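Below is one structure, written out as structure tokens, with a few remarks after it.
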Amino acid sequence: MAIDTRESVSAEHSGHTAPPVRPTRRRPGWLGPHLGRALVGAVGGYAFGHWIGNVIGSGYINVQGSGQNDVAIVLGLSIGVVGWLAGAGMLDYPLAKIAGREPLPPAPSKSWTRYLGPALDHKVIGLQYTVVVLLFFFTGGLLAMAIRTELLNPTSHVFGPGTYISVVSEHGTIMMMMASSIVIGPLGNWLVPLMIGSRRMAFPRVESFSLWIFAAGYLVILAALPLGGFPTGWTGYAPLQTQATGGMDAYLVGFAVIGIGMICAGFNLLATIINYRAPGMTWSRVPIFVWSVLATAALLTLATPTLVAAGLFGVLDRTAQTAFFVNEHGGSSYLWENLFWFFGHPEVYIMALPGFGIVAEIFPVFTRKPLFGYRIAAAGMIGVALLSFFVWQHHIFQSGINPDMRPLFMLTTELISIPTGFIFLNTMGTLWKAKIRYEVPMLFALAMGFNFLIGGISGVFLSDVPVNVTVHGSFFVLAHFHYTIMGGLVFAFFGGLYYWLPKMTGKMMDRRLGKWHFWAMFIFFNLTFLPLFLVGLLGQPRRVFEYAQNLQTLNDVSSVSAFFLGASFLIFVFNFVKSIFLEPKPAPPNPWNSLGLEWQTPTPVPAYNFARIPVVLADPYHYGTSDGQAVADLGPRTLSLAGVVAPAAGALDAQAVTGEEGSADPRPPIA
Amino acid sequence: MTTEPVAGSEFIAHEAPTLRETSEEIEYEMRSAEGAMWTGGRLVIGIGAFFFGSLAFAYFYLRSSNNEDLWRPNHITAPTGIGAAVFAFVVASALLYGYGTTRLRAGNTLDWEVTGWVTVLGGFTALGLQVWEFTQLSFFPGSSGYASCFIAWGVMNTALILGGLYWLETLLARWLRLRRAVLDDGGPARSTMPVARLFRANLEGCWYFWGFIAFVNLVFWVLFYVI
């Protein structure tokens, strides 16, 4: 059947007649949902919630005369988020559903303005996500510059200690929020349906919701600064948490809001990968990047509810005066640590696994070799995801743990390095005796391997109790996780961007500028963070704005390098603007000669992705092998002939074989 | 001729006026959608399990820590009668809904409609009682570990029941609009109409979720009122 642009279409089905279902009303023009309306909703919601909170909180003894009303702040932020979502149109369908109504599609538009409103096309949402995560990234990056500026000198200060710790906390929280979605949001959403041969996501409204609530989280966490900041770092430890000023409310609400977005994103991706794989896309043919997204999505869906619950407990402590984290009233500050890290350690793999997925996807293309040990790599990702739930206590070796339990969690932490090592060796095995094409994506992928080796091995050191106790809370730990997250994930992300942007935008990025970006980022990243291992071993603690005089040289090397590292991203921005907008060069359909299914689609990719649902015939990694089998059959044919769908009674007819229109459109409403 | 919503194609409709799908492709996507509904229904339970698992962890952590001997001084207990009533209403609602679902499978739609709306009523009653219980507490929220956990339980259970009610109410509302067409096609249990197939998948997911709500209420009723 031809898909129509009207609100409903006539379709034959079983010869019966169904009543028309009244759709929701569409508001035209500026009254419709878009970014501007979302901002108005957020501001209005915050003002309203704050007013309600003042009415409620003014009766509390602890609020009167204190100059701080946490109830007002929490309600303001929460209702502000609801207002933002309402403005973005995220509540239209859920509300209409109460009356049993059907949704309307977004207003038809091919203009760039469709990127400013709610969308149901996973490719539009993927690009929206790209912009939002880059906003997170550059905001966090600017705060990093502020930190390194302060640390240029051990005794002369730019900030006071309170401001400094607020900047550090804001930087850490924004970057962690960003890192949890930097691959899953932009690349996962954009690519997964294409890579598995699907025309759509399972729950595109949930996908869109995850984006808009993620963006709301950015505003909430940014609001922490004008609310006084928070002194806890990104980990939000109690009892500081319960003692802090209003910025802490923004931290708790922000993390919970982002957490809801992460759950929604993981939920949708899991349902899509499990159910929407094209015929023939067996589990042994699923691209390795999709495996990494699957493992990550499972972690997002199951680990993040703990963060949301912990955030709720924190909010209740600060508003309803419960005592979850207050030792003196029957609570325990260690409870926060346990709950936080039960989410927080899977979070580490939420950040690491997609990076591995990208690298494992890129290596075979630029080495023209099959991915070494595909099955082991996929099993390794699932193994890492499972084991990540059993290691959280190594974060509290120094506090809140029975010393007798330490060896157990040391063991589980070391165990997780085994599947991680498998994945790493898979990528290295692919390089073995390969003729490497040093294109920009490959350079980033190689750098990820180099950086993650340092980050990973220092992580194995840290899993050992004696080392952990020695360097706990020092710059050594900081250098370790920057090597894994920035050196691993962020390098992989940029490699992925350079690799897939030609498909996403239809334009080629400038190769020379890309190499400039790579070399600047690689060199200055290592010059920034390698010295920090040393200053950590020499005793410099994290989150403290003063340090010993003898560490100034190393700190200055790190700071100056950090400024150049920050500047390297300007090359990327310049390259992006130049290559996409100012001097666009059309990208060939498959510039890297990849076998991936996503590259077999036309550019720009049509809204429906595939004119025919592909029948997958082989995995996308048989480079350099003699059998040269096609990855998928994309032409007209019948799925039943491919042994996939049993012909429905009377349904399989000549129309299907010839690609003529079918007899019904029984697909579901989008939930 | 039927006039059905564009449904699954809506998000591509405005950009893809010429996509022509074979009946097999449509059937393939239909099966995927049913599967997604099934998967989604179970994942929601998984999310809920970890969410309430966090509260159970907090309960046992604070109970075993017993800092300052303030886990549960004088064995304070939330109002037992109201707690039992909340528990009873939730479990009764879930059982009733399960019964209605069974009747629907047997082709009796009226039973399902009645039990469905009664379940909604029961759920709202439980919700009202849960909120009212906050006004009847004999302890301050921060007076002990038990008190803190109980306040959080009240908030989380309210959200859980609201979620279940929303799911069920939207199913019932949708059913009201499609009832005649589905009944003409052999009824909700046998109809091959797409809306009927998805309705069945949705119905089953909702029933599992209400089972989960009842289970969670049972566990925390034991934790807060029995032991």
Side-chain angles (χ1 to χ4, degrees), chain A residues 2-3 5 8-11 13-14 16-21 97-100 102 105 108 120-121 202 204 263 267 271 274-276 301-302 305-306 309 313 316 320-324 327-332 335 339 607-608 613 638-640 645 648 651 656 661-663 665-669, chain B residues 1-17 19-30 32-33 35-36 39-40 43 46-47 50-51 54 58 61-62 65 67-68 70-71 141-142 144-145 148 151-152 169-170 173-174 176-177 180-181 184-185 192-194 198:
Chain A
I3 293 180
T5 59
S8 61
V9 291
S10 298
H13 185 80
S14 308
H16 294 279
T17 303
V21 176
K97 239 180 140 181
I98 293 174
E102 268 302 308
L120 297 176
D121 181 343
I263 293 169
F267 172 87
I274 292 171
N275 295 290
Y276 277 86
T301 310
L302 297 179
T306 306
F313 300 161
L316 286 174
Q321 306 295 305
T322 55
F324 277 100
N327 293 16
E328 298 80 3
H329 293 276
S332 171
L335 174 62
L339 290 172
Y608 46 84
I613 294 179
T638 62
L639 299 181
S640 59
V645 176
E661 61 185 73
S663 59
D665 182 3
R667 288 174 302 167
Chain B
M1 294 283 289
T2 59
T3 305
E4 290 191 32
V6 171
S9 60
E10 64 183 54
F11 69 103
I12 56 177
H14 62 284
E15 291 183 36
L19 176 64
R20 302 168 79 83
E21 297 179 281
T22 65
S23 53
E24 288 175 310
E25 287 183 326
I26 291 169
E27 172 62 19
Y28 192 77
E29 290 204 343
M30 184 67 209
S32 301
T39 309
L43 280 178
I47 293 165
F50 275 81
F51 189 55
S54 306
Y61 194 91
L62 297 184
S65 301
N67 282 338
E68 309 284 341
L70 280 175
W71 156 246
S144 66
S148 301
I151 297 294
E169 197 281 335
T170 52
R174 185 95 177 98
L176 288 180
R177 289 183 182 274
R180 184 178 297 174
D184 287 349
D185 194 43
T192 54
M193 287 177 69
L198 288 170

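Computed from a predicted model, the values in this text were never measured in an experiment. A note on names: the letters A, B, ... follow the listed sequences, proteins ahead of strands, and every chain is numbered from 1.
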Heavy-atom pair of closest approach, residues A36(B) and Y276(A): CB-CE1, 3.9 Å
For T322(A), all residues meeting side-chain hydrogen bond (donor to acceptor under 3.5 Å, both in side chains), sequence neighbours excluded: D317(A)
Options I263(A), T301(A), L335(A), ranked by heavy-atom pairs under 4.5 Å with chain B, top entry: L335(A)
Atom group of F267(A) that falls short of 4.5 Å from chain B, counting heavy atoms: both
Among the listed options I151(B), L176(B), L62(B), the residue most often paired with chain A at heavy-atom distances under 4.5 Å: L62(B)
R177(B) to G100(A) - nearest heavy-atom pair and separation: CD-O, 3.0 Å
Minimum-distance pair of heavy atoms, taken over all atoms of T170(B) and K97(A): CG2-O, 3.6 Å
E328(A) CD to N67(B) CG distance, which is reported to the nearest 0.5 Å: 9.0 Å
pair I98(A)-E169(B): side-chain heavy atoms closer than 4.5 Å: yes
Nearest heavy-atom neighbours spanning F313(A) and A58(B): CE1-CB, 4.0 Å
All side-chain contact (heavy atoms from CB on, under 4.5 Å) counterparts of L302(A), not counting sequence neighbours: F389(A), F50(B)
Residue pair F51(B) / P305(A): nearest heavy atoms and the distance that separates them: CD1-O, 3.5 Å
Minimal non-hydrogen separation, S54(B) against A309(A), with atom names: CB-CB, 3.6 Å
Option in S65(B), P141(B), G40(B) with maximal non-hydrogen atom pairs under 4.5 Å from chain A: P141(B)
Atom pair CD1/OG1 of I274(A) and T39(B) - distance to nearest 0.5 Å: 5.0 Å
